Structures are given as C-alpha cells and as structure tokens.
A.B. asks: 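Okay, handing you the structure first.
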Amino acid sequence: MTTLTAPPASVEKYASAFESLDDSDFPQWLITTRLQAWANFSDLGIPIKRRGNELWKYTNLRPLADAEFEYGTIGLVSLDEIRSNGPWDDAWDTVVVVDGNFSAQLSNLHGAAGLTAGSLAEAISAGTDDVESQFASLAGRESYAFTALNTAFAGDGVYLGVAAGAQLETPVHVVFVSSDLAASRVTYPRLLVSAGENSSFTIIETYINLAGPAQLTVPVVEFFVSRGARIRHYRIQMENEKSFHIGTTRVDQKGDSSFSSTSFAVGALMGRNDIHTQLGEPGAECTLHGLYMTSGRQQQDQEISTTHAMPNCTSNQFYKGILSGKSHAVFSGKVVVERDAQKSVANQKDLNLLLSRGVRIDAKPSLEIFADDVKCGHGATAGHVDRDTLFYLRSRGVDEDAAKAILVRGFAAEMLDEFKPAALKEFVERITDGRIETLLAESDTLGTV
Amino acid sequence: MLEIQNLRVSVLDIDDSEILKGIDLKVNNGEVHAIMGPNGSGKSTLANVLMGRPDYVITEGDILYDGKSIVALLPEHRAHLGMFLAFQYPAEIPGVRPWQFLKAALDARADARGEEKMSVRDFSKLFDEKVEAVGINPQLVKRSLNEGFSGGEKKRHEMLQLEVLKPELAILDETDSGLDVDALRIVAEGVNSMRSPDRSFIIVTHYQRLLNYIKPDVVHILIDGRIVKTGGPELALKVEKDGYKPYTSVGATA
Ligand SMILES: Nc1ncnc2c1ncn2[C@@H]1O[C@H](COP(=O)(O)OP(=O)(O)OP(=O)(O)O)[C@@H](O)[C@H]1O
Ligand SMILES: [Mg+2]
C-alpha cells in the first residue's frame with residue numbers, strides 16, 4: 001500500500017507480516033477489505049497519544065507499541081490444556097481456535113439443529129449465508145486502530161450462524177487459545193455471530209493463554225442480532241499476566257431483540273474490553289455487565305457504550321471492579337440517546353472495591369441525551385472494605401483475613417451469580433477465589449471507610 | 001465469668017473523648033445482668049469494647065474473662081473464648097448469605113478450639129430448625145445477610161446467630177428494640193431456653209417490658225459512662241416509673 005505520509009513507527013513492525021499474508025484461498029472482497037483496513041491502520045498507528053484522545057486518555061499503550069510480536073506461527077495445544085485452563089463442559093458445542101486458526105480436531109460439536117459453527121475462513125471462502133455483507137461491517141472499516149489491525153490480518157476465526165427460530169438448548173463455547181510457544185506473538189482472534197430472527201442461545205467466549213512470554217491478543221467480535229433474537233453472552237478473559245489483550249465487540253440489534261452479556265476480566269497485564277451495542281430498532285434491549293479484578297501492575301479497561309437510535313429500547317450497564325497492589329482500572333461508560341429514541345431507559349453503574357492505597361481507578365460514566373422523554377441514571381463509586389462490617393464478622397469468630405476474603409467474595413457474588421451454566425459458574429468461582437487470595441496478599445488497606 | 005475493673009474508654013484518635021469513666025461490673029456464671037441507661041450514656045460502647053471493637057482505646061482498667069485479661073485479644077479470639085455480641089445496629093453484608101456466614105463462623109471457632117467441624121448436613125438441620133424457632137421467613141435467608149432487612153428482621157437474625165453459636169457469654173445490645181410483641185417473646189424464649197449455670201447474659205435494654213419475660217439477676221443503671229446504681233429486678237420497674245432523673249445527680253457511685 002502507498003500512503004502519502006510516512007506511517008507511524010508503531011506500524012512498521014506489523015508491515016512485513018502484512019505483506020507476506022497469503023491471499024490465495026480468499027475471495028477478492030476479503031482481500032479488498034484487508035487492504036482498506038491496513039490503510040486505516042497505517043494512518044492511525046497504535047494510539048499512544050493520550051491527550052485529547054478520549055478513548056485512550058487513561059491508558060498508556062507505549063509498552064505495547066514498543067514491544068515486538070511475531071506473527072504467523074501456530075503451535076500445538078492439547079484438549080487437556082484447554083479443559084484445565086478454561087471452562088469446559090462436554091455437553092457444550094465447543095469451537096476451538098489455536099493461535100487464530102480454527103481447529104477441527106479440538107472442537108467438540110454435536111450437530112445441534114439450527115447451528116452452523118466452524119471455521120471463519122471456510123465460511124468466507126464458501127460464502128456462507130450473509131458473511132460477505134456482514135464481515136467487518138460493524139468492526140473494521142471504522143477509524144479504530146485495533147479493529148483495523150485485526151481486519152487487515154483477517155482470515156480465520158469462528159463463524160457462528162444460528163437459524164431463524166432455533167432455540168439452542170446447550171451453550172456454544174468459543175475458545176481462543178494461545179499456544180505455549182517461546183516467542184512473543186500477536187494473534188487476531190475473530191468471531192462473527194449471525195443470530196437469525198427469534199433465535200435464542202447462549203454463547204461463551206473464552207480467551208486462554210498457555211504461553212510464558214508476553215502476547216498481544218487483538219480480538220474482534222461482531223454480533224448480528226436479528227428481530228426477536230435473544231442472546232446470552234459470556235466473555236472470559238484469562239490471558240497470562242504479561243500479555244496485552246485489546247478486545248473489541250460490536251453488536252447490532254434489530255427490533256425486540258435482547259443481548260445480555262457478562263464479562264469476566266481477570267487476565268493480562270493490560271486488558272481492554274471494548275463493547276458497543278447499537279439499539280437500531282424499537283424494542284431492543286441490552287444488558288452489559290462485568291466483573292474485573294486487578295493486582296500487581298495490571299490494568300483492566302472497560303470501554304462500554306450503547307447507542308439508542310430508536311424508541312422504546314432499554315440498556316443496562318453495570319460493572320464491578322476489585323483492585324489491589326499498584327493496579328489500575330478504567331471504566332468508561334457511554335450511553336447515547338439519539339433524537340428519535342423516545343421512551344428510552346438507560347442505566348449505568350460502576351462499583352469498585354479498592355484493597356490497596358496504590359491502586360488507581362478512573363471511572364467515567366457518561367450519558368449523552370438528545371431525546372426528551374427518557375429515563376436514565378448513572379453512577380460510579382469506589383470504596384474500601386467497610387470497617388464496621390469487618391468487625392461484625394470478626395466478632396463472630398472469623399479471623400481478619402478470612403473476614404476480608406468473605407467480604408470481597410460477597411462484593412463479587414452478584415456478578416458471579418450471573419454465570420448460569422453450571423460448569424462456567426464453577427470455573428469463574430474457582431478463579432475468583434484464587435484471585436482474591438492474590439489480591440488480599442497485596443492489600444494494605446484495612447477496613448477504612 | 002466476666003469481671004470489668006475500673007474501665008475507662010475513649011474513642012481512638014479523638015482527644016478528650018472519654019465515654020466510659022470507670023466501670024466496675026462482675027457477672028458470675030449463669031447470671032443475667034440487665035443494663036439500662038439514657039441514650040448516649042455508653043451502653044453500646046461498653047458492649048463493643050467487651051467484644052474488642054478496634055475503634056476504642058482502653059485508657060485504664062481491665063476486663064477479665066474466666067480470670068484472664070482479654071483486653072489484648074482480637075475480636076475473633078474473644079468469640080473463640082465463647083463471647084458473643086448481638087449488635088444494636090447489625091452490619092449489612094452484601095453477597096453473603098446467612099447460612100454461609102454462620103457456617104464460616106462455626107467452623108472458625110471449631111478450628112480455633114481444635115474441635116471437629118459440624119458436617120454440612122448437621123449444620124443445615126440445626127440452621128433450618130433455628131430459622132423456624134426465631135420466626136424468620138425461609139425466603140429471607142436466601143438473601144444477603146441483613147441487606148435490606150427490616151429492623152426486626154435484623155434482630156431476629158442476631159437471635160438466630162446467638163442460638164446457633166450458643167456462646168458462654170452473650171451480650172445483647174437492644175435486641176428488643178424495634179421488635180413486635182411476637183418477636184419480643186421469641187427473643188425472651190430464646191434467652192430463657194439458653195439460660196444455664198454456665199452461660200451468662202448481659203442485656204442492654206430501654207424497656208422494662210423485656211424484663212417481664214427475662215428475669216434478670218442484677219440490674220445496672222449506666223449514666224454518663226458510669227454505673228450509678230445496681231440492684232435487683234425492682235430497679236427496672238422504678239426506672240420505668242420515674243425515669244433516670246433521680247440518678248443523674250448521684251454522680252460516680254456504683
Ligand atoms: N466511635 C465513636 N466515635 C465518636 N463518638 C462515639 C463513638 N462511639 C460512641 N461515641 C459517643 O459516645 C457516646 C455513647 O455512645 P453509645 O453508643 O455507647 O451510647 P448508648 O448508651 O448505647 O446510647 P443508645 O441508647 O442511644 O444506644 C455517645 O455520645 C456517642 O456519640
Ligand atoms: Mg446503644
């Protein structure tokens with residue numbers, strides 16, 4: 001590609017990998033999309049400038065921009081490694097992607113009626129359903145560096161199609177796993193979900209990282225939610241503690257559809273969960289919830305936004321964070337209610353429990369309302385373990401450490417309760433208990449109010 | 001069982017904040033003591049200091065439990081010894097269910113005492129039994145402890161914990177306040193059924209009414225951080241009739 005000005009330095013690192021991409025199996029439209037995306041990325045570069053950049057104001061991407069990541073090697077992963085590092089249930093329809101590439105061998109599909117699940121590359125080559133018009137239509141052509149980067153490298157990943165009217169009884173599980181290779185690598189997980197009219201299903205999206213060194217994972221997920229469809233979505237982010245995870249999810253909702261999502265973000269050195277839901281027709285509702293936990297020098301960003309474009313839609317954003325050590329969390333919640341979106345209901349909330357004096361939380365809930373008949377509320381809080389509550393527990397014989405653990409666990413409980421599939425719930429509870437131990441070991445506040 | 005000697009207490013980190021100004025009190029095994037006194041006289045402070053609340057400092061005096069000083073003990077260690085405080089304002093504990101909390105408390109005490117933990121099955125049975133005994137709606141125990149509970153519901157949960165933990169020294173800080181007549185009777189029945197030669201009670205109350213149901217051995221009047229009068233059950237009746245006025249000029253005599 002030719003650009004008028006020299007691309008930013010952060011782009012160069014990705015250029016040779018882009019140039020050596022193999023196009024041979026893909027239709028022309030995908031190649032064109034990739035080229036456009038690369039042009040976008042070349043213009044934008046990694047967003048290291050923070051001043052005047054609302055989206056990245058609280059997040060320092062310099063370490064990411066400075067690091068080197070290899071691209072293209074695919075390692076070996078065993079089923080046992082996947083089972084023991086993420087949630088698993090044999091009954092689920094599971095699709096596994098290793099280092100960005102669909103693995104038929106590791107996937108566990110039961111042929112549920114109405115479900116098309118498998119390789120995105122195959123769906124693209126075969127022109128399955130609406131994949132050509134859908135792919136990158138929500139994420140990729142916009143002026144956002146990481147979706148552009150992912151789209152430039154788009155090829156494989158997962159395609160999920162659920163037929164109109166299909167009610168899937170068991171969850172569909174999509175696992176993106178980074179294999180245990182010695183090098184620092186970048187992967188571009190990609191998931192496209194096309195939910196037919198009045199379909200209903202649960203989808204679990206899991207990121208596991210088996211590698212030792214720092215990895216860069218740049219996932220892009222697009223949900224097309226047709227009229228009356230109901231999706232229950234869970235997002236589990238379990239990258240290793242040196243890695244960067246910059247995830248983008250874009251959801252387009254038609255009339256009377258429902259998209260309900262709970263995220264569990266505990267991994268990565270720098271984790272970002274950027275999700276936007278577009279309530280594009282009347283009667284759509286979305287619920288965006290999540291729990292994040294940070295320790296050491298970790299950072300978790302929640303970049304949560306919803307656009308009410310049409311009347312009678314409902315949105316709910318509710319996130320909870322637990323921070324310890326010298327960690328940092330960002331909650332940037334945004335709800336836009338456009339002029340035509342009368343009778344909108346929107347709620348936004350972010351609650352944080354700070355376990356150490358060294359932590360930092362930037363919580364920025366915001367509502368931009370251009371309609372006049374709306375019901376909206378928002379709020380954000382950050383507090384410590386309550387001293388009176390701690391004394392109450394201790395007076396019953398529970399020692400201070402155990403009492404703190406009970407209170408922190410109690411804070412997380414309402415989010416953990418949202419994980420309904422039993423094996424998933426068991427998994428997030430187990431991980432949470434382990435994380436709480438780490439967080440409390442780094443805690444230096446003691447029941448201050 | 002419990003002996004309080006010339007206890008002086010201030011609020012931690014606040015100068016000239018003395019609340020308890022030399023309390024002497026002795027509770028023998030099997031006795032029930034009632035403490036009455038006007039608002040702000042220091043009753044809850046005394047109850048909390050006995051339990052080891054870290055917000056207060058003891059500037060003088062001592063507290064002996066079975067002959068040994070406990071002032072240096074953490075609250076949890078006092079609980080392991082067999083002490084219990086039913087709070088005037090029980091804390092709300094989001095995300096923690098009463099069952100879970102009580103099991104943790106019971107297990108912690110068993111651990112500390114080197115006793116065997118109660119099995120989940122036995123505990124569940126005991127728990128359900130006591131939930132019924134104290135008249136708690138079984139739906140309520142599925143919620144977070146005390147969160148959004150009514151005043152009376154919170155007090156019933158304090159009684160539930162008391163009856164499950166079966167402490168040797170129970171301090172009840174206005175457990176009868178805000179209770180309807182039925183609940184009051186439940187509190188009284190609970191205490192009376194637990195009365196035994198090796199269990200003692202300190203009951204802080206504003207109402208002589210409760211003492212109709214629970215007959216105290218000793219009644220103390222606490223005013224401005226001092227016990228100004230000690231007597232039998234008839235003292236409570238007198239307070240009910242005449243108020244605290246007659247004692248306010250008495251000064252610092254026990
Ligand atoms: N932690 C504290 N910080 C500051 N002041 C305190 C603290 N605890 C108690 N006090 C003060 O000490 C006094 C005694 O309070 P306490 O709660 O012991 O009274 P009480 O006798 O239990 O009253 P009531 O009948 O209203 O429950 C009050 O003036 C109260 O404001
Ligand atoms: Mg009081």
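These figures come from a predicted structure and were not determined experimentally. Only this structure's heavy atoms are used, side chains among them; waters, hydrogens and symmetry mates stay out.
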A.B. asks: Relative to chain A, which segment of B:Arg78 carries a heavy atom at a distance below 4.5 Å: side chain, backbone, both, or neither?
C.D. replies: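 Neither part; nothing is under 4.5 Å.
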A.B. asks: Side chain, backbone, both or neither: which part of B:Ala112 has a non-hydrogen atom closer than 4.5 Å to chain A?
C.D. replies: neither
A.B. asks: Contact part of A:Tyr392 toward chain B, heavy-atom cut-off under 4.5 Å: side chain, backbone, both or neither?
C.D. replies: both
A.B. asks: Would you call A:Arg83 and A:Asp90 a salt bridge, taking side-chain N to carboxylate O under 4.0 Å as the test?
C.D. replies: yes
A.B. asks: Of the backbone (N, CA, C, O) and the side chain (C-beta and beyond), which part of B:Asn146 lies under 4.5 Å from a heavy atom of chain A, both, or neither?
C.D. replies: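 It is the side chain, since no backbone atom gets that close.
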A.B. asks: What about A:Tyr207 and A:His245, are their ring centers closer than 6.0 Å?
C.D. replies: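 Between A:Tyr207 and A:His245, the centre distance is under 6.0 Å.
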A.B. asks: Examine whether an atom of B:Asp107 lies under 4.5 Å from a heavy atom of chain A, and if so say whether it belongs to the side chain, the backbone or both; otherwise answer neither.
C.D. replies: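 When you check distances to chain A, no heavy atom of B:Asp107 falls under 4.5 Å.
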A.B. asks: Between A:Asp417, A:Leu407, A:Leu393, who has the most heavy-atom pairs with chain B when the cutoff is under 4.5 Å?
C.D. replies: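 The option with the most such pairs is A:Leu393.
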A.B. asks: For the residue pair B:Phe149 and B:His157, does the interplanar ring angle fall in the parallel (under 30°), tilted (30 to 60°) or perpendicular (over 60°) class?
C.D. replies: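 If you compare the ring of B:Phe149 with that of B:His157, the planes turn out tilted.
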A.B. asks: Which atoms of B:Gln100 are under 4.5 Å from chain A, going by heavy atoms: the side chain, the backbone, both sets, or neither?
C.D. replies: neither
A.B. asks: Which bit of B:Leu145 is near chain A, if near means a heavy-atom gap under 4.5 Å: side chain, backbone, both or neither?
C.D. replies: side chain
A.B. asks: From the options A:Arg235, A:Arg232, A:His233, select the one residue that forms a side chain to side chain donor-acceptor pair (under 3.5 Å) with A:Thr262.
C.D. replies: A:Arg232
